[in-house]
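First listed ligand is number 1; within each ligand, the first listed atom is number 1. Keep in mind that the numbers below use all heavy atoms, side chains included, and drop hydrogens, waters and symmetry copies.
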Amino acid sequence: MIEFNDVSVTYSSTGVDALNNINLTINDGDFVFVVGESGAGKSTLIKLLQKEIDATAGQVSVNGFNLTKLRRGRVPMLRRTIGVVFQDYRLIPTMTVYENIAFVMKCIDAPKKYIKKRVPYVIGLVGLSHKASSLPEELSGGEQQRVALARALVNDPQLLIADEPTANVDPALKYGIFELLKGINACGTTVIVVTHDLDNVVHFGGRIIRLDAGNVTIDKVVGGDE
Ligand code: ADP
């Protein structure tokens, strides 16, 4: 579960109030779209969740961690409960698809036997079994996005955050990325998607949180077309 209680963020360097008195609860298993214009505070919200930055005021809690009180040394424990898909993918160019995904399991000292079983499974989940030995440069934007998704998922996070997952993807393939995220959510993972892609938001439905100049101006569930 994620809870924001009266959370504000002011960047001291510029004095900009990026978030103002945010109160939010996101329950386990929710599917949430975060929308808003550039500068509205979306990235700041996402950074707070991973304790990349701290709230200037208020309390944030994520997956049982009270981030206000969380010591630096325990931040990696928090981050293990969160998978993040970045819009620029951040794949390692010299590693194959398989290696890119196995790498994040090795980072948390997962047993070799489990890595051997789990990596092909998640590669299959994102529909890339035939590309397991390819390098990132040999893949399309949509395929690279799927690898990034598989990598975010492989350690079975409680929360998946996707930052503009369709920003660099061919329009025809955007739908498939949203479909994958919905499938992941259906298996119990909480999913937060930051997006400008309102067509797909409306089509798929879910909870929409809209930020405007650091304030939540809309928080509602839309039904979806299906
Ligand atoms: P979004 O992700 O919706 O585009 P951000 O959270 O990046 O919005 O930014 C919210 C506000 O905070 C903007 O006015 C932005 O200029 C400001 N801001 C973001 N990051 C910083 C920073 N590191 N230092 C100072 N101001 C920042």
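- Defined by atom type and a distance below 3.5 Å, a donor-acceptor pair is present between the side-chain atoms of Thr44 and Tyr11.
- For the residue pair Asp30/Thr190, the side-chain donor-acceptor check at 3.5 Å is not satisfied.
- Residues Asn63 and Met1 have side chains not in contact (no heavy-atom distance under 4.5 Å, counting atoms from C-beta outward).
- The side-chain hydrogen bond (donor to acceptor under 3.5 Å, both in side chains) analysis of residues 113-124, with sequence neighbours excluded, yields no pairs.
- Ionic pairing of Arg72 and Asp54 is present here: one or more N-O contacts between side-chain nitrogen and carboxylate oxygen are shorter than 4.0 angstrom.
- Near ligand 1, Tyr11, Ser13, Thr14, Val16, Ala18, Glu37, Ser38, Gly39, Ala40, Gly41, Lys42, Ser43, Thr44 each place a heavy atom less than 4.0 angstrom from the ligand.
- For the pair Phe204 and Leu181, the minimum side-chain heavy-atom distance is 4.5 Å or more.
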